[in-house]
2 protein chains.
Amino acid sequence: MPRAATTSDVFNAIAETRRRDILAFLADGEHAVSDIVDRFEMSQPSVSKHLRVLAGVGLVDARRDGQRVLYRTNAEALRPIHEWTGRFERYWGRQLLRVKERAERKGRA
Amino acid sequence: MPRAATTSDVFNAIAETRRRDILAFLADGEHAVSDIVDRFEMSQPSVSKHLRVLAGVGLVDARRDGQRVLYRTNAEALRPIHEWTGRFERYWGRQLLRVKERAERKGRA
DNA sequence: TTGACATATTCCGTTATGGGCATAAACTCA
DNA sequence: TGAGTTTATGCCCATAACGGAATATGTCAA
């Protein structure tokens, strides 16, 4: 079995750097597809495909405005991930020493 | 270009459900590979491969104990994700109404 | 050293990915 | 209706994913 489909859940959807970039860009407000194309110098079909994935898991909402389609980040959909990582918050700081040691060992190697 | 390598960054590493399960299991304390195998009813090679990915991005640390190898979650490595999603926290709540409407539209469709 | 146990690695097959390109679809305006 | 603009989709390719089975590596005990 290959990796779970990117459309299956939010974790997979944000595994792609481009999509995280797009989410950040669309967080402040609506933007048309062509804006994203210009901003990140990606091909239009590529952008549309990423948006399709993001929309599939509810990470963005779309709205037609004449010829254009305006997208916007639905930040609420990122909450599950924030909460999941937050469950590990209680362990932060405890292992700082070990992390440091590991980094130093790697540095010498 | 195919999908980004799972070993490239933490976002890709946690895109797999199994690996998230393993991380949660190893958060409380060290566990041997065989413990994970029993716990999740996965094949031993499969577990070893997942652990390799997790170790590759620093999400787990390993320690030999005789014939066994004890793994432990390095929660610190999850911090970047928590912080990234945290950047969207300021937008939470604003779109609740729209989200609700969207869900209702879907319910009727 | 040999045997037993625990873990890691390799090879293989199936599947999904994301980009490029061409084209379809949706919309506006004359 | 037809041309022009914007966005979505379909097809193909090269790549990497994950699982299974077999095997290699590592460790201990006798």
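Naming: A, B, ... by sequence-line order, numbering from 1 per chain.
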Could you give the [atom1]-to-[atom2] distance, from [X] to [N], as a whole number of Å?
X       : N      : atom1 : atom2 : result
B:Arg52 : D:dA16 : CZ    : P     : 15 Å
A:Glu30 : D:dT7  : CD    : P     : 13 Å
A:His50 : D:dT7  : NE2   : P     : 16 Å
B:Leu51 : C:dT9  : CG    : P     : 11 Å
A:Asn12 : D:dA17 : CG    : C1'   : 11 Å
A:Arg68 : C:dT28 : CZ    : C1'   : 12 Å
B:Leu54 : D:dC18 : CG    : P     : 10 Å
A:Ile22 : C:dG19 : CD1   : P     : 9 Å

Base of D:dT7 paired with side chain of A:Lys49 (donor-acceptor, under 3.5 Å):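 No.
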
Stepwise side-chain hydrogen bond (donor to acceptor under 3.5 Å, both in side chains) check, A:Asp28 with B:Tyr91: CA-CA 9 Å; A:Asp28 286 323; B:Tyr91 302 107; 2.5 Å; yes

D:dT6 OP1/OP2 closer than 4.0 Å to side-chain N/O of A:Tyr71: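 False: A:Tyr71 side-chain N/O out of range (4.0 Å or more) of D:dT6 OP1/OP2.
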
B:Ser46 vs D:dG19: side-chain N/O to OP1/OP2 distance below 4.0 Å: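 Yes, because at least one side-chain N or O of B:Ser46 sits under 4.0 Å from OP1 or OP2 of D:dG19.
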
Minimum heavy-atom distance B:Val69-B:Ala62, with the two atoms named: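 That closest heavy-atom pairing would be CG1-CB, 4.0 Å.
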
Pi-cation contact, A:Tyr71 with A:Arg63 (under 6.0 Å, within 45°):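 Checked: cation-pi criterion not met.
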
Check: A:Asp65 side chain, A:Arg68 main-chain N or O, donor-acceptor pair, under 3.5 Å: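 Not a single qualifying donor-acceptor pair exists.
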
Touch class at under 4.0 angstrom, heavy-atom based, for A:Ser48 against every strand present: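 Base, at least one base atom sits under 4.0 Å.
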
ring-ring contact (aromatic ring centres under 6.0 Å, His included) against A:His82, all qualifying residues, sequence neighbours excluded: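 So A:His82 forms a ring-ring contact (aromatic ring centres under 6.0 Å, His included) with B:His82, B:Trp92.
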
In one Ile/Leu/Val/Met/Phe/Trp/Tyr side-chain cluster, 4.5 Å: B:Val53, B:Met42: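 Different clusters: B:Val53 never reaches B:Met42 through Ile, Leu, Val, Met, Phe, Trp or Tyr contacts under 4.5 Å.
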
Test: B:Arg18 and B:Asp21 ion pair at under 4.0 Å: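 No, B:Arg18 and B:Asp21 are not salt-bridged.
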
Contact letters for nucleotides 23-30 of chain D, in which S counts primed atoms plus P, OP1 and OP2 and B counts the base, heavy atoms under 4.0 Å: ---SBS--

Residue pair B:Thr17 / A:Phe11, side-chain heavy-atom distance below 4.5 Å: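 Counting from C-beta outward, B:Thr17 and A:Phe11 never come under 4.5 Å.
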
Flag side-chain contact, heavy atom, 4.5 Å: B:Ile36 against B:Phe25: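 The answer is yes, as the side chains (C-beta and beyond) meet within the 4.5 Å cut-off.
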
DNA chain D-proximal residues of residues 31-38 of chain A, any heavy atom under 4.0 Å: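 Heavy-atom cutoff 4.0 Å gives A:Ala32, A:Val33, A:Ser34.
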
